[in-house]
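Data first, discussion second: the structure below is written as structure tokens.
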Protein chains: 2
Amino acid sequence: MSYSIGQVAKMMGVTTHTLRYYEKEGLLPFVRKSGSGLRVFTDTDLGWLAMIECLKETGMPLKGIKQYIDWYQEGDATLQQRLDMFLAQKQKVEEQIALYRKHLDKINYKISLYEEAVRQGSWDKAMEARKLNEEKERRFGKK
Amino acid sequence: MSYSIGQVAKMMGVTTHTLRYYEKEGLLPFVRKSGSGLRVFTDTDLGWLAMIECLKETGMPLKGIKQYIDWYQEGDATLQQRLDMFLAQKQKVEEQIALYRKHLDKINYKISLYEEAVRQGSWDKAMEARKLNEEKERRFGKK
DNA sequence: AATTAACTTAGAGTTAACTCTACAAAGGTA
DNA sequence: TACCTTTGTAGAGTTAACTCTAAGTTAATT
């Protein structure tokens with residue numbers, strides 16, 4: 001199967017401008033053109049785009065993605081570099097997930113405070129009540 | 001305790017430029033100034049900065065953070081908005097974590113391919129071997 | 001007291017990643 | 001064939017979030 005730039009844009013949820021921009025930045029050296037100059041995307045190209053999306057959405061800048069694609073074009077001599085790149089990306093993503101978890105805890109705590117405050121209709125009253133309750137728990141044991 | 005802009009910058013791992021920029025964008029309306037015009041950060045201010053960092057690192061744009069701070073300044077009338085904002089952020093972070101996991105799977109798969117290719121010294125040979133192996137497994141059962 | 005380091009404001013410059021405009025050419029539809 | 005949509009190129013403009021410069025002031029150190 002083959003696809004026009006517009007079809008691919010729709011599939012990926014981006015504009016045709018973005019795809020042409022990616023090409024200009026050297027991210028799509030594999031995409032062929034028809035006799036009259038129209039870009040023709042194949043299913044293999046869609047596979048590449050999926051990888052690009054993966055790297056982009058895990059925070060790799062377009063330059064980094066281009067580096068990967070350049071390495072690919074150079075063949076087996078760059079296998080190690082490409083492996084190292086994926087290993088580094090793996091670590092980055094794992095760290096990112098850990099950071100997100102940590103922040104999620106903070107957000108959940110804030111949510112509990114705000115739920116209390118909304119119930120009371122007052123931030124100060126809710127915080128006061130919370131403080132008194134904590135005091136009680138400290139003196140008589142929890143629950 | 002109180003801190004200079006330079007001390008705070010160091011603690012947060014940003015530059016003083018960045019902190020002044022945040023102030024200009026309305027993110028630090030709580031920071032006081034000394035008689036001679038120097039910014040004086042308190043421990044409470046550091047608490048605010050920690051919240052700002054949390055929202056920023058979970059992908060909220062500075063404008064969104066400013067909105068939250070503005071709501072805070074308006075008092076109890078905006079408790080619900082602030083709660084809703086944290087609930088939305090919670091969902092965003094959870095979705096982000098799920099997406100990262102999905103991409104991590106793809107990256108791990110790529111790593112396994114590249115580890116094989118590096119061992120063989122050739123991408124094509126490794127893929128060929130992998131294909132044959134899969135064929136065998138299909139015929140005689142796994143492991 | 002002199003020097004050096006950190007601070008001040010105002011404003012210009014940078015970077016990444018789009019995003020849009022203009023206008024010509026190609027392709028699909030009635 | 002006429003028309004309308006899509007695509008093409010080249011290049012300008014936008015946005016967010018810094019990042020830096022200049023020129024002067026304040027604070028800390030020797």
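Predicted, not measured: the structure shown is a model, and the values here were computed from it.
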*asked:* If you compare every side-chain N and O of Y22(A) against the phosphate oxygens of dC18(C) (OP1, OP2), does one of them come in below 4.0 Å?
replied: yes
*dC7(C) C1' sits how many Å from R32(B) CZ, rounded?*
19 Å
*To the nearest angstrom, how far is Y21(B) atom OH from dG13(C) atom P?*
17 Å
*Charged N-O contact under 4.0 Å between D70(B) and K66(B)*: yes
*Given DNA chain D, 5'-ward residue of the pair Q7(A) and T15(B), judged by closest heavy atom*: Q7(A)
_It should be established whether S4(A) places a side-chain nitrogen or oxygen under 4.0 Å from OP1 or OP2 of nucleotide dT7(D)._
yes
*Is any side-chain nitrogen or oxygen of S36(B) closer than 4.0 Å to OP1 or OP2 of dT25(D)?*
no
*Taking for each residue the nucleotide of DNA chain C bearing the nearest heavy atom, is the 5' side occupied by K33(B) or by K10(B)?*
K10(B)
*Taking for each residue the nucleotide of DNA chain D with the nearest heavy atom, is it V40(A) or K24(A) whose nucleotide lies nearer the 5' end?*
V40(A)
_Main chain of T58(A), side chain of Q89(A): is a donor-acceptor contact present, judged purely on distance under 3.5 Å?_
yes
*Check the distance between dA16(C)'s C1' and Q67(A)'s CD and give it to me in whole angstrom.*
18 Å
*asked:* Tell me the interatomic distance from K66(B), atom NZ, to dA16(D), atom C1', rounded to whole angstroms.
replied: 16 Å
*Between dC18(C), dA17(D), dG27(C), spot the one nearest the side chain of L62(A), thanks.*
dC18(C)
_Starting the side chain at C-beta, find the nucleotide from dT21(C), dT19(D), dC18(C) nearest to H17(B)._
dT19(D)
*asked:* Need one value for R20(B): base, sugar-phosphate or nothing, where a base atom within 4.0 Å counts as base even if backbone is also close, heavy atoms only.
replied: base
*Return the value, rounded to whole Å, for the distance between atom CG of L38(B) and atom P of dT9(C).*
9 Å
*To the nearest Å, how far apart are E25(B) CD and dA17(D) C1'?*
9 Å
*From the list dC18(C), dA17(D), dC7(C), which nucleotide is the closest neighbour of the side chain of I5(B)?*
dC7(C)
*Are the side chain of S4(B) and the backbone of Q7(B) linked by a donor-acceptor contact shorter than 3.5 Å?*
yes
*In whole angstroms, how far is the P atom of dA10(D) from the CD atom of E23(A)?*
11 Å
*asked:* Between E115(A) and R119(A), does any side-chain N to carboxylate O distance fall below 4.0 Å?
replied: no
*May I ask you to evaluate whether R39(A) reaches the phosphate of dG8(D), defined as a side-chain N or O under 4.0 Å from OP1 or OP2?*
yes
*Electrostatic pair E135(B):K131(B) at N-O distance under 4.0 angstrom*: no
*To the nearest Å, give me how far apart CE (M60(B)) and P (dA17(D)) are.*
11 Å
